[in-house]
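What's counted below: heavy atoms across the whole structure, side chains too, no hydrogens, waters or symmetry copies. Every value quoted in this text rests on a predicted model; they were computed, and no experiment measured them.
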Amino acid sequence: MIDENLIASLGVSDAEADALLREVLGDKVGAEDSMESLLGEQIGDFTPGNILEGKVIGFAGDDVVVEVGLKSEGLVPREEFQGGPEPKVGDKVQVLLEKIEGDGGLVELSKRKADRLLSWQRIVETTREGDVVEGRVMRKIKGGLLVDIGVPVFLPASQVDVRRPGDIGDYIGRDIRAAVLKIDTERRNIVISRRKLIEEERDAAKKRLMETLKEGQLVTGTVKNIADFGAFIDLGGIDGLLHITDMSWGRINHPSEMLKIDQKVEVKVLNIDREKEKIALGLKQKEASPWEEIEQKYPVGSRVRGKVVNIMSYGAFVRLEDGIEGLVHISEMSWTRRVNHPSELVSAGDEVDVVVLDINKDKQEISLGMKQIEVNPWELVSEKYPPGTIIEGTVRNLANYGAFIEIEPGIDGLLHVSDISWTKKVTHPNEVFKKGDKVQCVVIDVDREKQRVALGLKQLTEDPWLQAIPEHYKPGMVVRGKVTKITNFGVFVELEPDLEGLLHISELADHKVENPMDVVKPEEEVDVKILRVDTEERKIGLSLKRAQWGDTDRGLSEEGGLSGRSGRGPIPTKGGMDEHGAMGTNKIIFGRPPVEDDDEE
């Protein structure tokens, strides 16, 4: 409300007042409403939140004194001028009016906030989504990084790089380029992406590279990643794979032995798959292959010296020179020794003499032998131990099928279970031998190519089935034996040690027998009649019921067939007397000549 009385008491006419206002405020004052509009504009400029143009008029400690046209000056901290020229008295500066009257009666101003607001306005006016901006990473915040591009903007962690880094905090303080993803003018929020910019630039570079790249070309790239199988090289828009096998002609255990991350390396383009956008690179291919003249340098049969570089379960790798390695298979290490693992003979780093056995230039493989350095003892075995030679050896090992007898160090012979006894059925050699036993055998056969010696134990004595058994056990004789085994089809009777006969279930009794245990028991001694002696099948057929018949019309002829009294010869009577009046009780001592009767002497 205007106080008219107060204005009248000043003694100034309206014309004089207008002249004074024009002198101070200019020619804008004229119309009746000019004063009101001018005052409204002036008051509006000094509303908190507006940007004002001020003038540096002095300094107060760490503050800069700025006059903006109000009754009081304002103070701006000197630190808000960092990044620009040092303020001087008389400099014009734009500041943000925060309060018209703050603590101490001074106007509260902020240059930093004014700069940010002006930058925001400038960015909104000049920048669109998709544009490229540059800025410095300020700090790490929840979900990403805060980047200063004139105003703080948000860089999500997922958009920092193509592959998300382990710690995005490593980017703090770095200047980066990024693409604008989103601008939210209402919230004054901008989201940027470094990843998008990198991918766009890489796609463009990849397209150019794929158009110009050729196989056999030498290119320079940067090692971006190292794996067990190789290294990925950034060629500038696309990564190529440098496989571990293409790094060196020699042996390397891991790519990190030759390369490190961010290392610049020159490689050769080996293959380009333009459809799948895959590039195979080579490092060793920059040099000539040592395999080019391998056959002339290491002819088959030549003796060379090398170093053991790696040991596997199947053999040892020997380096002949850088880039040339050969394999000594475990079977080529010793003529006579049974090697379970190559480490029993060699260790990594050992210098060894080897013989070149074979070369496959296409596969870049060399077969080597260690045992070929020495004379093959098997070449002499057939001369030293011809068939029929009696040897004495030690039981070294037992298997289901026989016993291995060490004839001399490194030379084993096999004594098969079927060659242990003429008469005893041996199912496993441990029934007769144990490891370490000394045993005498005869050489049956020598196979030099397969490096095998066949031995026999029973061949040391004459086969009793040829003469001794047929002479001492004849059909019709009644002999005494011991029940050793009972089966559902009959009973095995031991006539003497290592000699058994079969008492079939039908020959146990006159009546039908369902279970042999009803007639005989294990270990029981019984008198049985010999029905037949089969020398070819090596079997003796026995009968219990016929031994019990005695001197009756029923019986067996000497050939073992049924006959009556009108048969070709007398039937042995109960008690075991044969046609010669002798009991069948003479025992055979296998391996010795038969014992002759006194009457025959």
Val339 to Ser334 - nearest heavy-atom pair and separation: CG2-CB, 4.3 Å
Distance-only donor-acceptor check, side chains Lys284 and Ser248, under 3.5 Å: no
Worked verdict on Arg305 versus Asp353 for salt bridge (Lys or Arg N to Asp or Glu O under 4.0 Å): CA-CA 4 Å; Arg305 189 167 184 82; Asp353 290 323; 2.9 Å; yes
Sidechain N-carboxylate O distance under 4.0 Å for Arg177, Glu201: yes
Closest heavy-atom pair and its distance - Leu235, Gly221: CD2-CA, 4.3 Å
Atom of Glu325, atom of Phe317 and distance for their closest heavy-atom approach: OE1-CB, 4.1 Å
Distance-minimising heavy-atom pair for Ala114 and Leu96: CB-N, 3.5 Å
Side-chain heavy atoms of Leu75 within contact of Val64, under 4.5 Å: no
Audit row: Asp167, Lys140, salt bridge (Lys or Arg N to Asp or Glu O under 4.0 Å) steps and yes/no: CA-CA 10 Å; Asp167 183 12; Lys140 188 176 178 180; 3.4 Å; yes
Step-by-step side-chain contact (heavy atoms from CB on, under 4.5 Å) determination, Asn400 to His428: CA-CA 6 Å; Asn400 292 333; His428 196 283; 3.3 Å; yes
Spacing of Asp362 atom CG and Asn360 atom CG [to the nearest 0.5 Å]: 6.0 Å
Side-chain touch Leu270/Leu281, heavy atoms, less than 4.5 angstrom: no
Heavy-atom side-chain proximity of Asp358 to Ile366 below 4.5 angstrom: no
Test log, rule salt bridge (Lys or Arg N to Asp or Glu O under 4.0 Å), inputs Glu129 and Lys182: CA-CA 6 Å; Glu129 293 180 358; Lys182 183 180 179 182; over 6 Å; no
Side-chain donor/acceptor of Gln263 to backbone N/O of Lys260, under 3.5 Å: yes
Over all atoms of both residues, closest heavy-atom pair of Asp239 and Arg163: OD2-NH2, 3.6 Å
Side chain to side chain, Glu332 and Met370, heavy atoms closer than 4.5 Å: no
Sidechain-backbone polar pair: Lys371 side chain, Ser331 backbone, donor-acceptor under 3.5 Å: yes
Nearest heavy-atom neighbours spanning Met210 and Ile279: SD-CD1, 4.2 Å
Side-chain heavy atoms of Lys297 within contact of Glu292, under 4.5 Å: no
Ile176 and Leu155: CA distance, side-chain angles, deciding distance, side-chain contact (heavy atoms from CB on, under 4.5 Å) verdict: CA-CA 11 Å; Ile176 64 169; Leu155 174 59; 3.7 Å; yes
CD1 on Ile330 to CZ on Arg338, rounded to 0.5 Å: 11.0 Å
Ion pair Lys307/Asp350, N-O distance below 4.0 Å: no
Full working for salt bridge (Lys or Arg N to Asp or Glu O under 4.0 Å) between Asp161 and Arg194: CA-CA 6 Å; Asp161 206 341; Arg194 181 171 177 268; 3.7 Å; yes
Rounded distance (nearest 0.5 Å) linking atom CG of Asn271 with atom CG of Asp246: 11.0 Å
Salt-bridge contact Asp148-Arg136 (side-chain N to carboxylate O under 4.0 Å): no
Heavy-atom side-chain contact between Ile324 and Glu321 under 4.5 Å: yes
Any Glu295 side-chain heavy atom under 4.5 Å of Val300 side chain: no
Under 3.5 Å: donor-acceptor pair, side chain of Asp234, backbone of Gly236: yes
Lys88 backbone acceptor or donor facing Asp91 side chain under 3.5 Å: yes
Trace of the side-chain contact (heavy atoms from CB on, under 4.5 Å) decision for Lys196 with Leu181: CA-CA 9 Å; Lys196 181 180 178 182; Leu181 286 184; 3.6 Å; yes
Check: Trp249 side chain, Asp322 main-chain N or O, donor-acceptor pair, under 3.5 Å: no
Face-on cation placement of Arg78 at Phe81 ring, 6.0 Å and 45° thresholds: no
Residues Glu293 and Tyr298: side-chain donor-acceptor under 3.5 angstrom: no
Greater than 12 external heavy atoms within 6.0 Å of Asp62's CG: no
Glu266 CD to Ile233 CD1 distance, which is reported to the nearest 0.5 Å: 12.0 Å
Distance (rounded to the nearest 0.5 Å) between Ile359 CD1 and Ser302 OG: 7.0 Å
Non-hydrogen side-chain atoms of Leu368 and Leu320 separated by less than 4.5 Å: yes
Main-chain N/O of Ile272 paired to Glu215 side chain as donor or acceptor, under 3.5 Å: yes
Approximate separation, where rounding is to 0.5 Å, of Gln372 CD and Leu357 CG: 4.5 Å
Short side-chain to backbone donor-acceptor contact, Thr212 and Arg208, under 3.5 Å: yes
Flag, side chain of Trp291 to backbone of Gln364, donor-acceptor distance under 3.5 Å: no
Side-chain donor or acceptor of Glu365 paired with backbone N/O of Gly326 under 3.5 Å: no
Trace of the side-chain contact (heavy atoms from CB on, under 4.5 Å) decision for Ile311 with Val346: CA-CA 8 Å; Ile311 296 177; Val346 295; 4.3 Å; yes
